[in-house]
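A short worksheet on the structure shown next.
Residue numbering restarts at 1 for every chain, and letters A, B, ... go by the order of the sequence lines.
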There are 2 protein chains.
Amino acid sequence: MSMHDKILEAAEARLRSGGYGAVSFRDLASDVGVKSASVHYHFPRKEDLGVAVVTAYTEKVFEALGMAMQARTPRDRLAGYIGVFRHALVEEDAICLCAMLGAEARGLPHQVAEAVRVFFQANIDWLDEALANASRKPKSAEIIAALEGAMLLANTMDSIAVFEDVADGLLSRTE
Amino acid sequence: MSMHDKILEAAEARLRSGGYGAVSFRDLASDVGVKSASVHYHFPRKEDLGVAVVTAYTEKVFEALGMAMQARTPRDRLAGYIGVFRHALVEEDAICLCAMLGAEARGLPHQVAEAVRVFFQANIDWLDEALANASRKPKSAEIIAALEGAMLLANTMDSIAVFEDVADGLLSRTE
DNA sequence: GTTTGTTTACCTATCAGTAGGTAGACAAAC
DNA sequence: GTTTGTCTACCTACTGATAGGTAAACAAAC
């Protein structure tokens, strides 16, 4: 993997566990085995790094969502969507990057906050399309809010039970 | 208001807009018109300040919830509960303190994270009691997750519409 | 095929600014 | 005269960011 990508990966991990303020060029440099000036070579300003991480994260998520869109019924597509979030929470043991940055949105550099907004709008659009011919369903923004909130609570209480309850609730209201 | 309380108020505002890392003793001192050493006099370590803010916030929220518990039906009590969160979002123009700190929980000093956990558990307990004799209702943790997620999304997209949609959805599933 | 110029990807060293935190002087209140 | 609250003055550690340099890779010119 290129140094560029290794830095992005390390930055995503630190962002997701501690937020924007918890990411420093020196820590990232140490994570990937270079000096902080070299991190600045790849991402001149912290804002550039923030935007790049969110953009890469968005692409990664929507690549995973590509398969979920293939499912036959709206309900199965929603189950696939939920699965992507569950994987992020359980396998990567961290909340969604944009849940963290969404909470901090008011204090973020404008371009970073805008990238987060784009992520959520893209999620709304994806769900609108995936559930277009459902006979009964919550609004797309409601689904996202429920899942992001469930991650947040699961993260704090250190229990994924609440996430599964929310997921079941959403699926039972969709067909 | 005492200097102690003025510092708590300023710290809450900064915590809710930028997170734990965005709060500095110097900024707080400037906010309330003293020097940073004086803030250290009231709250020796940042962790002490963090715990005190969460504790005071919890008390403030549950004081407001006291009235909501008086309502006659489970549905009305839920409406009152939602109203407390709506007020925090709309009137104070910020997400719930514990939504922010819950997202950052993994990177917080242990006692602060624990205070946040206590806040959420107290909310679960409150809802369990308020909706005890409802004939139909979401689980308490589901309600909290939905509302916290709705705040997060509303904060990022700068639109309270998603919050109202989530609130309506919760009320329609409760009676 | 060797010289020349350019780019990539890093380095060391340093900057001004800010972080949390402390020691000790001081004045007013009790 | 002791407690309370604030001050000045300082510390060490770390922040994002910049300057200037270097070794290797590559391509074009001769």
Ring pair (Phe, Tyr, Trp, His ring centres under 6.0 Å) partners for [X], two or more places apart:
| X | result |
| --- | --- |
| B:Phe85 | B:Tyr81 |
| B:Phe163 | none |
| B:His4 | B:Phe43 |
| B:His42 | none |

Could you write out each protein N or O paired with an N or O of nucleotides 25-30 of chain C at a distance under 3.5 Å?
none

Main-chain N/O of B:Tyr20 paired to B:Lys46 side chain as donor or acceptor, under 3.5 Å: yes
Only counting residues at least two apart or in another chain, list the ones meeting salt bridge (charged side-chain N to carboxylate O under 4.0 Å, His left out) with [X].
| X | answer |
| --- | --- |
| A:Glu164 | A:Arg86 |
| B:Glu92 | B:Arg16 |
| A:Asp5 | none |
| B:Lys35 | none |

Side chain to side chain donor-acceptor pair (under 3.5 Å) partners of A:Arg72, counting only residues at least two apart: none
Reading 5' to 3' through nucleotides 3-22 of chain D, protein heavy-atom contacts under 4.0 Å coded B for base, S for sugar-phosphate only, - for none: -SBBBB------BBBB----
Secondary-structure notation, DNA chain D, from Watson-Crick and G-U pairs under 3.5 angstrom (| other strand): ||||||||||||||||||||||||||||||
